[in-house]
Protein chains: 2
Amino acid sequence: MGEFEVIQRYFANSGRHRSDTLLGVGDDGAVLQLRDGYDLVVTTDTMVAGTHFFPDVDPRALGHKLVAVNISDLAAMGAEPAWLSLAMTLPKVDDEWIKAFAAAFSETADYYNCQLVGGDTTRGPLTLSVVAKGQVPRGKMLSRSGAKVGDYVYVTGTLGDAALGLRLCQGQVEVSKKHSAHILQRFHYPTARVALGQALRTTASSAMDLSDGLYSDIQHLLRRSQVGVSLDIDKLPLSQALRDSCDHTTAIALALSGGEDYELLFTVPENKRGTLDVLLSPYGVPVTCIGRITGVAGKLELKAGNQPFAYEHHGFEHFV
Amino acid sequence: MGEFEVIQRYFANSGRHRSDTLLGVGDDGAVLQLRDGYDLVVTTDTMVAGTHFFPDVDPRALGHKLVAVNISDLAAMGAEPAWLSLAMTLPKVDDEWIKAFAAAFSETADYYNCQLVGGDTTRGPLTLSVVAKGQVPRGKMLSRSGAKVGDYVYVTGTLGDAALGLRLCQGQVEVSKKHSAHILQRFHYPTARVALGQALRTTASSAMDLSDGLYSDIQHLLRRSQVGVSLDIDKLPLSQALRDSCDHTTAIALALSGGEDYELLFTVPENKRGTLDVLLSPYGVPVTCIGRITGVAGKLELKAGNQPFAYEHHGFEHFV
């Protein structure tokens with residue numbers, strides 16, 4: 001089966017057809033019509049077998065996650081997702097595997113109102129690369145560079161669950177039956193905070209998504225905004241499942257340094273804090289203030305309440 | 001060195017900065033401003049070490065070719081290239097290698113007036129995936145689906161040189177000193193026919209680029225346009241280097257079935273043939289009529305002058 005046929009056979013006839021897709025899969029490229037007065041937002045993320053996922057992972061989980069993590073980047077910019085391209089490098093064409101993967105990919109793309117408009121299949125070690133495209137009203141995008149001294153720092157959802165899920169899959173931890181489904185769901189089936197990201201366009205001064213872990217990701221925001229931050233580790237939102245499954249020190253380490261939460265981190269100026277609760281209440285996603293932006297460029301300060309908190313960060317290495 | 005740093009260090013500060021790039025490398029995604037009344041064109045192509053290139057290929061040749069083959073797809077759609085994203089999977093961070101690769105990548109992107117606006121680096125077997133983005137005036141894109149019965153079929157440049165270059169690198173053929181530089185140039189440093197593709201917007205009824213070889217590629221066009229074609233193998237444009245380096249049968253086989261020429265194939269209605277020469281003369285790229293579209297959907301007929309030409313196609317498999 002040639003390169004053309006894999007995408008054509010497994011993907012082209014499933015999923016959503018958007019009316020602003022003038023030309024989709026099957027030509028030299030796709031032709032897409034942006035809304036007047038909107039800018040294009042483009043993000044890219046690659047997942048490699050053995051580095052980002054277990055080679056024997058359920059292809060449905062993989063198809064879902066590949067879409068969700070890419071759309072999470074669009075969410076962090078306040079964009080409305082629209083189109084996906086998929087570059088697949090496959091060691092062989094395994095009909096059952098690709099069918100399951102493609103079904104989950106299409107379902108998740110549908111969920112986010114996205115259409116697959118291009119692809120490329122090559123033979124080689126299993127590598128999946130997605131480019132997600134979305135649109136944002138001109139000048140309204142969220143970026144990492146707008147945080148100002150005094151802004152409040154927020155995160156959505158809870159932190160550390162996905163990292164616990166990874167350790168559960170690796171057999172490094174035990175999680176009670178009551179919590180394991182939730183924890184595995186958080187690891188295998190992350191949710192991109194799309195509607196919430198769009199709602200933040202008028203309120204947040206900066207935003208990003210958390211893929212490599214709060215401790216490491218926030219430093220990119222500090223660098224781009226040329227500010228520092230003081231975080232209160234007592235405020236970190238931890239799920240009941242995480243609290244029940246490990247001691248407090250481990251829970252904090254997973255929340256700070258564990259990756260793949262795909263929650264949003266954002267900053268809000270003091271004068272917009274009041275509108276935040278009202279604005280976000282329809283979305284049903286908890287939002288927690290965990291600290292404040294400071295003037296010491298690049299400095300990440302951790303406190304437990306009013307006390308300094310000593311912490312040794314070990315970077316998230318996907319899995320080794 | 002983390003994922004962020006590779007793109008940031010080697011790519012972000014080199015190359016062109018377009019004024020319509022509102023946000024480039026270094027955030028969750030790029031934000032790009034399309035021209036009013038233009039549609040977005042997106043193409044993707046992946047190159048895998050051992051499948052699409054020799055693992056020990058000169059990184060400068062690789063950087064050039066990766067950009068050129070992606071831009072060739074934009075050219076085939078009549079689009080003006082603008083932005084590139086690069087997903088790199090690298091087995092290790094080899095400073096010299098990445099520097100040489102990045103320099104050639106940036107130089108070639110510059111040449112086509114393109115800016116690198118996003119990237120992702122992961123660890124794994126060497127795989128390079130580019131998404132190229134361009135723009136085309138609304139409704140003016142070229143596609144594979146507009147060929148009509150009676151249209152004339154053209155190709156740009158000459159065919160088969162890149163396939164000969166591949167065989168030369170593999171030590172399967174000998175090429176005289178006089179020709180070898182040209183042949184290797186054609187294989188390692190293909191040219192995307194960008195200006196010519198844009199000039200064809202008003203004249204061609206369909207277009208595509210030739211990456212896997214004329215015999216195999218044209219069938220996609222036949223399928224999308226629901227037509228057939230009759231090609232005259234005596235008309236195939238063969239370079240002097242190709243003619244001098246192998247017998248006629250081999251030269252024809254390389255021109256028909258050899259890949260990686262990255263020339264444009266396009267069709268022109270009879271009433272627009274007259275304007276074609278005038279239109280294309282400024283570009284200095286030879287254009288040759290090699291056949292005509294027929295009504296027998298899907299049928300590829302080969303003739304030598306007026307006689308049927310028996311030919312057994314062996315698909316281009318990059319290299320095995």
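Scope of the values below: all heavy atoms of this structure, side chains included, with no hydrogens, waters or symmetry mates. Note on naming: letters A, B, ... go to the chains in the order of the sequence lines (proteins, then strands), and numbering restarts at 1 for each one.
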Q.
Taking side chain as everything from C-beta outward and backbone as N, CA, C, O, which of these in A:Ala207 sits under 4.5 Å from a heavy atom of chain B? Side chain, backbone, both or neither.
A. backbone
Q. Among B:Thr127, B:Asp209, B:Asp20, B:Leu34, who wins on heavy-atom pairs under 4.5 Å with chain A?
A. B:Asp209
Q. So which part of A:Asp36 gets closer than 4.5 Å to some heavy atom of chain B, the side chain, the backbone, both or neither?
A. side chain
Q: Answer yes if the side chains of A:Thr44 and B:Asp120 hold a donor-acceptor pair under 3.5 Å, and no otherwise.
A: no
Q | Atom group of B:Ser143 that falls short of 4.5 Å from chain A, counting heavy atoms | A | both
Q: Let me know if A:Thr89 has heavy atoms under 4.5 Å from chain B in its side chain, its backbone, both or neither.
A: side chain
**Q.** Interatomic spacing from NE2 in B:His220 to CG in A:Asp27 - rounded to 0.5 Å
**A.** 10.5 Å
Q) With a 4.5 angstrom heavy-atom cut-off, which part of A:Met141 approaches chain B: side chain, backbone, both or neither? A) side chain
Q: State, yes or no, whether a side-chain contact exists between B:Arg123 and A:Val48 at a heavy-atom distance under 4.5 Å.
A: no
Q: Using a cut-off of under 4.5 Å on heavy-atom pairs, state which of A:Thr43, A:Val131, A:Asp39 scores highest against chain B.
A: A:Asp39
Q | Contact class of A:Thr46 relative to chain B, heavy atoms under 4.5 angstrom | A | both
Q | Pairwise side-chain contact, A:Lys133 with B:Leu40, heavy-atom cut-off 4.5 Å (strictly under) | A | yes
Q | 4.5 Å side-chain heavy-atom contact, B:Ser85 and A:Val42 | A | yes
